[in-house]
Amino acid sequence: MSTSGQPQFRYTQTPSKVLHLRNLPWECTEEELIELCKPFGKIVNTKCNVGANRNQAFVEFADLNQAISMVSYYASSSEPAQVRGKTVYIQYSNRHEIVNNKSPGDIPGNVLLVTIEGVEAGDVSIDVIHLVFSAFGFVHKIATFEKAAGFQALIQFSDSETASAARNALNERSIPRYLLPEHVNSCHLRISYSAHTDLNIKFQSHRSRDYTNPYLPVNPTAIEGIVQPAVGPDGKKKELESNVLLASIENMQYAVTVDVLHTVFSAFGTVQKIAIFEKNGQTQALVQYPDVSTAAAAREALEGHCIYDGGYCKLHLSYSRHTDLNVKAYSDKSRDYTIPDASLLTAQQVSGLPGVPGAWQNPQAGPLYHGNNFTSGGAVSGQYPGGQAAPWDPTMQSGRQQYVSVPGTYPGQNFAASSVPGYATAAGPAGSSPLTPTSQIPSAVTSMGFSPGVPANVRPGGASSPGQLQLGVPPNVRPGGASRPGQHTYYGQ
DNA sequence: AGCACA
């Protein structure tokens with residue numbers, strides 16, 4: 001029972017193939033360690049960021065002589081060992097091996113395990129992954145899959161050096177936004193090493209690739225692969241059309257309710273379902289149409305435009321990967337208009353609402369929609385100098401063809417081309433005159449005395465219902481963009 | 001600047 005336990009000091013230590021390094025810069029990386037030590041031999045293991053200050057480390061050489069050569073070298077060198085300009089003190093460790101101190105994911109290998117956080121599998125295509133990781137060397141193979149951890153990819157490089165380079169550069173970083181669909185707000189990469197050394201890719205498919213074998217057959221059962229988004233030459237995922245639109249609402253100063261959205265989006269066809277939700281602090285909504293072409297028309301017309309005057313509640317639209325929403329038939333955040341009872345319920349409940357929120361009665365909408373539409377045209381357009389960011393496609397002001405006369409645009413003939421006048425008459429809300437040279441959609445909102453459950457453009461014949469102000473089409477969205485004298489029965493005050 | 005982890 002001697003009271004040994006005294007620390008061993010530099011000149012009394014027995015050599016070990018494990019070296020203890022001190023005074024390292026804070027959170028010194030393994031690569032910096034390897035850089036420093038590898039001239040002396042093969043490094044078989046490391047342990048970084050040891051100690052309260054995370055400025056110590058251990059390095060294990062394959063052979064004792066290699067460790068001795070490093071200690072000897074710096075013992076007699078006029079240049080001290082340095083990392084990032086800091087002198088590093090090196091001595092033999094009092095242990096002879098680095099115990100299995102690493103989680104498996106920290107043991108370098110040529111295959112990376114990449115967890116892509118905050119996205120769903122369809123958001124990041126395998127081609128985008130390939131593009132991003134190819135920056136560090138030839139990517140042999142990629143396999144993607146979804147686990148509890150989220151969307152993951154195994155990425156095989158030639159060697160662990162290349163893999164490490166990719167990991168060091170990309171770990172805890174994000175795939176550039178421009179490579180991602182618009183609705184993806186964050187795309188955080190968490191990268192570790194896989195224990196795999198060679199992935200077994202059986203097919204080229206939407207979820208796996210073998211770039212070393214381009215003649216590998218395409219998975220015949222990967223029907224999904226065909227549905228997978230096409231990818232342009234830049235690797236950016238092209239939008240895949242869908243009957244369901246994803247709307248992100250920017251600058252949401254005013255409440256955007258299911259009813260407001262229903263009104264706005266019903267201008268283009270039957271809205272089947274709506275769901276509103278929050279994602280990353282932003283309000284988003286899914287709007288389901290019966291078919292892709294209707295959704296496409298809505299998207300085309302509404303993208304970048306504002307529900308309310310003044311740049312409020314700006315819409316950004318993309319196609320959802322959903323095709324059929326599973327929503328509560330009636331809630332404050334969702335609506336299923338395909339359920340008849342729900343429509344009734346909707347009509348009842350909404351008509352029972354205590355008036356229109358003040359925000360909808362945006363005073364600015366008055367001048368814009370009450371006779372100023374023509375005279376103020378210059379002023380309005382003057383708000384957008386150069387016209388580069390013209391809030392509304394000019395063709396919308398002069399032509400109706402975009403939404404009406406193009407055959408096949410509305411397979412559901414929600415807009416019978418000839419029905420525009422009657423429709424416009426019925427749908428024209430107070431003060432909505434046809435040539436509205438503005439970007440907003442607000443008459444949809446400024447006159448909310450509509451029947452939310454019954455889209456105007458779905459009503460048979462579009463006949464006017466006396467006493468009931470029907471609203472279906474925002475004035476600047478309306479197909480009948482051209483002025484048709486005499487067609488307006490409503491000139492709301 | 002002075003020895004980890006289980």
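Letters A, B, ... mirror the listed sequences (proteins, then strands); counts begin at 1. Being a predicted model, the structure only gives us computed values, none of them experimental.
The CG-P distance, from Leu21(A) to dC3(B), rounds to 13 Å in whole Å. In this structure, Gln56(A) atom CD and dG2(B) atom C1' are separated by 7 Å, rounded to whole Å. Atoms CG (Asn45(A)) and P (dC3(B)) sit 20 Å apart, rounded to a whole Å. Rounded to an integer number of Å, the gap from OH of Tyr92(A) to P of dG2(B) is 20 Å. For Leu24(A) and dG2(B), the CG to C1' distance is 13 Å, given to the nearest whole Å. For Tyr89(A) and dC3(B), the OH to C1' distance is 17 Å, given to the nearest whole Å. Look at CG on Asn53(A): it is 12 Å from P on dC3(B), rounded to the nearest Å. Protein atom NZ of Lys17(A) is 21 Å distant from nucleotide atom P of dC3(B), rounded to whole Å.
Proximity note for Val50(A) (side chain, C-beta onward) versus dA1(B), dC3(B), dA4(B): the nearest is dA4(B).
Aromatic rings of Tyr211(A) and His140(A) (six-membered ring for Trp) have centroids beyond the 6.0 Å cut-off, not under it.
Tested against Leu24(A) for a side chain to side chain contact (heavy atoms under 4.5 Å, CB included), the candidates Val83(A), Thr87(A), Thr29(A) yield a single pass: Val83(A). For the side chain to side chain contact (heavy atoms under 4.5 Å, CB included) criterion with Leu19(A), the lone passing option out of Tyr92(A), Phe58(A), Phe40(A) is Tyr92(A).
Comparing Asn55(A) and Gly51(A) against DNA chain B, the residue whose closest nucleotide sits nearer the 5' end is Asn55(A). Residue order along DNA chain B, read from the 5' end via each residue's closest nucleotide, puts Lys86(A) first among Lys86(A) and Val99(A).
Within the 4.0 Å cut-off from OP1 or OP2 of dG2(B), not a single side-chain nitrogen or oxygen of Gln91(A) is found.
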Legend entry - Step-by-step salt bridge (charged side-chain N to carboxylate O under 4.0 Å, His left out) determination, Arg209(A) to Asp127(A): CA-CA 9 Å; Arg209(A) 297 288 163 81; Asp127(A) 299 277; 3.2 Å; yes

